[in-house]
Amino acid sequence: MKFTKLEDEQREFFDTNGYLVVRNALDAKMLERVTAACDGIVERRDSNSGFGRASLVDMLPEDKIFIPLLTWATTVSLVVQLLSFNLRLAKSHLIYKYPDPPETKPPTNWHRDFRESPFDMGPHRCVRLLIKVVYQLSDTTKPLSGNTMLAPGSNTLTRPLEIPAEQNDPENAIELQLKAGDAFLFENRTYHRIGLNRTKVPRKCLMMGYSYSWITPLDYD
């Protein structure tokens with residue numbers, strides 16, 4: 001794997017906010033090939049799993065184009081430096097968030113990944129166990145494009161996320177505005193939720209989650 005150095009300011013930003021944007025993570029050729037593969041998988045396997053989206057896991061066996069992403073230099077190098085070299089692929093997750101009807105209300109399912117860990121150990125003992133790389137396969141450059149909502153800084157919380165009364169989101173909630181080919185990393189302790197899609201096209205992304213090799217994978221055992 002070609003090495004991409006994690007800059008000090010990137011590490012500080014990730015440690016503080018729980019996420020990190022990587023511009024142009026996929027080159028044009030790789031973006032085209034990955035998107036074509038994902039479109040074909042959704043056409044074959046879309047289970048309409050709720051929330052107006054296709055949500056499909058265990059992507060690695062579906063197409064050989066995903067194999068290079070296991071060690072993709074622009075992103076996985078950063079994961080290694082933020083987590084460990086002793087890693088395995090924990091989850092590969094394809095999400096197509098379809099346009100929402102006008103009457104759809106914002107989801108309220110703010111959560112952390114590896115949800116069992118804060119339940120079992122308590123939120124004050126929850127540690128960084130997983131980092132997901134989210135490859136954007138479509139543009140989300142406008143608000144309400146269906147991108148994942150994040151709560152910056154929630155990765156350091158030692159108590160459950162607090163949301164003001166009669167609101168759907170914490171005060172600092174953000175929706176990243178990214179182009180196809182960009183990526184972002186976020187860790188298991190960063191609270192997030194599904195975003196509303198008020199556009200006319202689906203938001204497409206492929207998530208690759210990495211955890212320590214001694215943790216049971218989420219896709220398969």
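None of the values given here were measured: they were computed from a predicted structure. Along the sequence shown, residues carry numbers from 1.
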(request) Please determine if Arg193 and Asp169 form a salt bridge, counting it only when a charged side-chain N lies under 4.0 Å from a carboxylate O. (result) yes
(message) Suppose we call two aromatic rings close when their centres sit under 6.0 Å apart. Are His111 and Tyr191 close by that rule?
(response) no
(request) Check whether more than 12 heavy atoms from other residues, nucleotides or ligands sit under 6.0 Å from atom CZ of Arg198, and answer yes or no. (result) yes
(request) Check for a donor-acceptor pair, side chain of Glu175 on one end and backbone N or O of Asn147 on the other, with a separation under 3.5 Å. (result) yes
(message) Has Ser77 got a side-chain atom pairing as donor or acceptor with Lys2's backbone, closer than 3.5 angstrom?
(response) yes
(message) Between Thr156 and Gly153 (side chain of the first, backbone of the second, donor and acceptor by atom type, cut-off under 3.5 Å), is there such a pair?
(response) yes
(request) Would you check if the side chain of Gln10 reaches a backbone N or O of Glu7 as a donor-acceptor pair within less than 3.5 Å? (result) yes
(message) Angle between ring planes, Tyr96 versus Tyr98, binned at 30° and 60°: parallel, tilted or perpendicular?
(response) perpendicular
(message) With a 3.5 Å distance limit and no angle check, can you tell me whether Thr35 reaches the backbone of Leu31 through a side-chain donor-acceptor pair?
(response) yes
(request) Without swapping roles, check the side chain of Trp110 against the backbone of Leu150 for a donor-acceptor pair under 3.5 Å. (result) no
(request) To the nearest 0.5 angstrom, please state how far the CD1 atom of Ile194 sits from the CG atom of Asn109. (result) 5.0 Å
(message) Ignoring hydrogens and geometry beyond distance, is a side-chain donor-acceptor pair present between Tyr210 and Ser84 at under 3.5 Å?
(response) no
(message) Between Lys97 and Asp100 (salt bridge meaning N to carboxylate O under 4.0 Å), is one present in this structure?
(response) yes
(request) Answer yes or no: is there an ion pair linking Lys204 with Asp39, defined by an N-O contact shorter than 4.0 Å? (result) yes
(message) More than 12 heavy atoms of other residues, nucleotides or ligands under 6.0 Å from CD of Gln177: yes or no?
(response) yes
(message) Closer than 4.0 angstrom, basic N to acidic O: yes or no for Arg128 and Asp15?
(response) yes
(request) Ignoring hydrogens and angles, tell me if any N or O in the side chain of Asp182 forms a donor-acceptor pair with the backbone of Asn24 under 3.5 Å. (result) yes
(request) Any chance you could measure Leu161, atom CG, to Ser154, atom OG, to the nearest 0.5 Å? (result) 6.0 Å
(message) So for atom CD, which belongs to Glu12, do other residues, nucleotides or ligands contribute more than 12 heavy atoms lying within a distance under 6.0 Å?
(response) no
(request) Assess whether atom NZ of Lys29 is packed by more than 12 heavy atoms of other residues, nucleotides or ligands within 6.0 Å. (result) no
(message) I'd like to know if the side chain of His192 reaches the main chain of Thr190, judged simply by a donor and an acceptor atom lying under 3.5 Å from each other, with no hydrogens or angles considered.
(response) yes
(request) Kindly say whether Thr4 contributes a backbone atom to a donor-acceptor pair with the side chain of Gln81 at under 3.5 angstrom? (result) yes
(message) With heavy-atom distances below 4.5 Å as the criterion, would you say the side chains of Lys132 and Asn188 are in contact?
(response) no
(message) Using modelled atom types and a 3.5 Å cut-off, is there a donor and acceptor pairing between side-chain atoms of Ser211 and backbone atoms of Leu130?
(response) no
(request) Answer yes or no: are there more than 12 heavy-atom neighbours, outside Glu103 itself, under 6.0 Å from its atom CD? (result) yes
(message) Any non-hydrogen side-chain atom of Tyr19 less than 4.5 Å from a side-chain atom of Leu176?
(response) yes
